[in-house]
Amino acid sequence: AQSVSQHNHHVILSEAASLELGCNYSYGGTVNLFWYVQYPGQHLQLLLKYFSGDPLVKGIKGFEAEFIKSKFSFNLRKPSVQWSDTAEYFCAVISFNAGNMLTFGGGTRLMVKP
Amino acid sequence: EAGVAQSPRYKIIEKRQSVAFWCNPISGHATLYWYQQILGQGPKLLIQFQNNGVVDDSQLPKDRFSAERLKGVDSTLKIQPAKLEDSAVYLCASSQINTGEETQYFGPGTRLLVL
């Protein structure tokens, strides 16, 4: 079945540590890829997105993600996390083979210790 | 710019009761989505409207869930009768159109607890 997998459910880091959150999808064909973030008490909001072109995408607040087509992956990275990055992060995919339906992964809850 | 509005924010009902959720999208957004987010999972699309027409409702449990978007603006999602497993956060989102590239803007959600 087509799916989006986020293998890390909970991540705890200290401030200034580097972050990498994994995201893999099982869709074939053309895909659009997204990372959404939900800060405590706030709405789900877009962090970054990839449609085409440079596979390294930069988003808000110093986040970036790399699309590796051969690995069906779209991992999220940040070189140095801050306490304010504490949030839940969701990877999401739109596959044009499966309609323009946004499918989310299960989420990764990140806690950054001050 | 006002965001996506949803009400109520919280709802507690007993199983077999009915419940309705309301969503007002961002002004001018033609596409409206309802998602169900069960605790510990990512949001799952229930239904997608383009203006007042249904584009995709393949994951909507139609025996108990219904949704409408009269006049292509506000939308309501109804559950009748509710089951314990319907306990979740119901998220409404909107986008200008849907070609697969637009950002979806999410509301705060309605947290439903079915006892």
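Being a predicted model, the structure only gives us computed values, none of them experimental.
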Peer 1: Identify the heavy atoms of B:Asp57 and B:Lys62 that sit nearest to each other, and give their distance.
Peer 2: O-NZ, 2.8 Å

Peer 1: Among pairs that include at least one residue of residues 34-81 of chain B, which meet ring-ring contact (aromatic ring centres under 6.0 Å, His included), considering only residues two or more places apart or in two chains?
Peer 2: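 Every ring-ring contact (aromatic ring centres under 6.0 Å, His included) pair that includes a residue of residues 34-81 of chain B, provided the two are not neighbours, is A:Phe104-B:Tyr35, B:Tyr35-B:Phe106.
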
Peer 1: Could you tell me which of B:Val4, B:Leu91, B:Leu45, B:Thr103 has the largest number of non-hydrogen atom pairs under 4.5 Å with chain A?
Peer 2: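 Option with the top pair count is B:Thr103.
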
Peer 1: Could you name each residue pair satisfying side chain to side chain donor-acceptor pair (under 3.5 Å) that touches residues 36-46 of chain B, not counting sequence neighbours?
Peer 2: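 Passing the test, one end in residues 36-46 of chain B: B:Gln36-B:Tyr90.
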
Peer 1: Counting only heavy atoms closer than 4.5 Å, note whether A:Leu46 contacts chain B via side chain, backbone, both or neither.
Peer 2: side chain

Peer 1: Pick one of side chain, backbone, both or neither for B:Gln6, based on which atoms fall under 4.5 Å of a heavy atom in chain A.
Peer 2: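 Interface part for B:Gln6: neither.
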
Peer 1: In terms of heavy-atom proximity below 4.5 Å to chain A, should B:Gln104 be classed as side chain, backbone, both, or neither?
Peer 2: both

Peer 1: Hey, what's the ring geometry for A:Tyr89 with A:Phe63, parallel, tilted or perpendicular (30° and 60° as the breaks)?
Peer 2: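 A:Tyr89 vs A:Phe63 ring planes: tilted.
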
